[in-house]
Amino acid sequence: MRLFDTLTRTERDLRPIDGSTYRFYCCGPTVYGPAHIGNFRTFVLQDVLRRALETGGTRTLHVRNITDVDDKTIRDAQKAGQSLVDFTAGWTAKFHADCAKLGLLPPHIEPSAVEHIPQQIAIIEKLVASGNAYASDDGSVYFQIASFPGYGKLSRLDQRELDLGKTQNARANADEYEKDSVSDFVLWKARRPEDGDNFWPSPWGDGRPGWHLECSAMIHTYLGDSFDLHSGGVDLIFPHHENEIAQSACACGGHFAAHWFHITHLLVDGGKMSKSLGNMYTLADLEARGVTPMEVRYVLLGGHYRKSMNFTLDSLAAAREALAKLAKGARTLAANMGPDTVLDAVTFGPFQAAWDSLNSDLNTPAALGGLFTGLREASRLTGPDAAAALAGFNRVLRALGLTLPAEVPAEAAEIPDAIRTLAETRWQARLAKQWAESDTLRGELADHGWLVKDGKDGYTLTPAS
RNA sequence: GGCGGAGUAGCCAAGUGGUAAGGCAAUGGUUUGCAAAACCGUUAUGCGAGGGUUCGAUUCCCUCCUCCGCCUCCA
């Protein structure tokens, strides 16, 4: 597997640094509301990375956190009149349900921030002792960016921008901060009245941890100070990941992440998703429109992760047709290989090419393309050749995490008697070559929402979608 | 203002210094009483605009246009 690395800006081979297990960390969701499909683009691509590694024979250790304490979770928990724990537990459960529907493998470890407060305090103590952090008068603790020469390397920010606080937002908000430099970031936030019961004791007084620190503490706990890969959406490059590098390097030493994997944002109708524009879709929103989660997953795999991708509702219809086509092709292949053929060698060129695409910087759209091309060429194969092709097809499909729709069986039980009678009458009319009568009845059935399709020996009824 | 990304057919979207994957849609054919479904085809002399390098550029270089993201707690 070769993958682009944000830090070095090169494509590099992914090899476990401990020689056996590829250990990686993904920044998980902040659980104060439903995740939207943009969030899931990131999680789906991380899932594909893991699946591709595992399908290729590499063992993995996947850690993804739950951010359950920050400004928004506290604010909204208060608003909801719930304890922070109860509030975030509800949204975490919903997140897990969505993940399952989308076919995401659960992480091997899923730590949450509030369960790791002591670990976070320990890191702050180290940073204060080493002179990388300082406490302000109100009991907050800040990381001093000037104390870490490597700061800005990941995001390529001009050092002057950081030192002088020249960035627009920093300048506008500078008054709110009690820091030496506007660029310094908070490690520990002093308790404020609006936090309610949500504070923890610390050597600097009551308060709560800063967001950036949460991930560093959990990484330190579960992956140690040097691990294989760190991942998240592009928006996390700065400041979140930049800050993680700084505090982890200063407090723990080690190399931190050997590889940085960032997923570009999903655009909707050509721009960023936002509530105010009304273009923020959750999985539930789409399901309410009759869309299946796999169709959503297919759409999210339809663009390369390093390019922004434009999501439209039309693309979901395209996904439905495309998935049906894949399913049909796979069925044909299975039928052609015969009952007693077992072969797991993958020797069919087009599917090998699709697999190679996936392993070349996770090119999911090229891999999907290869699946269709291969299916067309493989449709003539029989016996062991068909079996080999199917094995190659399934390998790619498994890595993509796609589950194909089953053939829709005619569910006779669900057809109302009235409809069945109508259809039967039409069939008799048709057998009698009474075309006008037959077509009229077909129209009536359509009015009731049923499509009738004629076959050689009978007809099928399906609900019009 | 700083940093970064993108402009490929109606839509979505790969890709490459040697002449444009794939999906959807559309359309032609086979089949069908007619449809639907299925199957087999077709669909960008062209890759934002203009220059340059080259035997040859969509792919490299320059200029310009347009769009998008990030710039202190958003995946």
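Order of the sequence lines fixes the chain letters, A, B, ..., with proteins taken first and strands second; residue numbering starts at 1 for each chain.
Helical stems of RNA chain B (runs of at least 3 Watson-Crick or G-U pairs, donor-acceptor distances under 3.5 Å) are listed by first residue: B:1-7 with B:65-71, B:10-12 with B:22-24, B:26-30 with B:38-42, B:48-52 with B:60-64.
Taking the six-membered ring where tryptophan is involved, the planes of A:Trp427 and A:Tyr459 are tilted, since the angle between them lies from 30° to 60°. A:His241 and A:Trp260 have tilted rings, their planes meeting at an angle from 30° to 60° on a 0 to 90° scale. Using the six-membered ring where Trp is involved, A:Phe185 and A:Tyr151 have ring planes that are parallel, under 30° apart on the 30 and 60° scheme.
Using a 4.0 Å heavy-atom distance criterion, A:Ile263 is classed as making no nucleic acid contact. The residue A:Leu266 sits close to a base: some heavy atom pair falls under 4.0 Å. At the heavy-atom level, A:Val299 lies nowhere under 4.0 Å from the strands shown. At the heavy-atom level, A:Gly38 lies under 4.0 Å from base atoms of the strands shown. Looking at heavy-atom distances under 4.0 Å, A:His240 makes no contact with the nucleic acid at all.
Taking the side-chain contact (heavy atoms from CB on, under 4.5 Å) definition, one finds that A:Pro405 meets it with A:Leu323, A:Ala327, sequence neighbours left out. For A:Asp206, the salt bridge (Lys or Arg N to Asp or Glu O under 4.0 Å) test picks out A:Arg191, with sequence neighbours left out. With sequence neighbours excluded, the residues that form a side-chain contact (heavy atoms from CB on, under 4.5 Å) with A:Arg9 are A:Phe4, A:Arg156. Scored by the side-chain hydrogen bond (donor to acceptor under 3.5 Å, both in side chains) test, A:Asn198 finds no partners at all (sequence neighbours excluded). A:Ser315 is linked by a side-chain hydrogen bond (donor to acceptor under 3.5 Å, both in side chains) to nothing, counting only residues two or more places apart in sequence or in another chain.
Residues from residues 99-110 of chain A lying near RNA chain B, meaning a heavy-atom separation below 4.0 Å, are absent.
Residue pairs that meet the ring-ring contact (aromatic ring centres under 6.0 Å, His included) test with at least one member in residues 352-381 of chain A, sequence neighbours left out, do not exist here.
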Which protein N or O atoms sit under 3.5 Å from an N or O of nucleotides 23-29 of chain B?
residue	atom	partner	partner atom	Å
B:rG23	OP1	A:Lys325	NZ	3.2

Each nucleotide N or O in nucleotides 32-34 of chain B that has a protein N or O under 3.5 Å away: list the pair and distance.
residue	atom	partner	partner atom	Å
B:rG33	N1	A:Asp439	OD1	3.0
B:rG33	N2	A:Asp439	OD2	2.7
B:rC34	O2	A:Arg442	NH2	2.7
B:rC34	N3	A:Arg442	NH1	3.2
B:rC34	N3	A:Arg442	NH2	3.2
B:rC34	N4	A:Asp454	OD2	3.3

Heteroatom pairs (N/O) under 3.5 angstrom, protein to nucleotides 5-10 of chain B:
residue	atom	partner	partner atom	Å
B:rG7	OP1	A:Lys307	NZ	3.2

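Comparing the P positions of B:rA44 and B:rG22 gives a spacing of 13 Å, expressed to the nearest Å. Distance noted for atom C1' between B:rA37 and B:rU30: 13 Å (whole Å). Rounded to the nearest Å, the gap between the P atom of B:rA14 and that of B:rU8 is 11 Å. Nucleotides B:rU54 and B:rG17 are separated by 9 Å at their C1' atoms, to the nearest Å.
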Extract all donor-acceptor atom pairs below 3.5 Å that involve side chains of residues 91-98 of chain A and protein atoms in other chains or at least two apart in sequence.
residue	atom	partner	partner atom	Å
A:Thr92	OG1	A:Thr88	O	2.7
A:His96	NE2	A:Glu110	OE1	2.6
A:His96	NE2	A:Glu110	OE2	3.2

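Between A:His265 atom NE2 and B:rG4 atom C1' the separation is 12 Å, expressed in whole Å.
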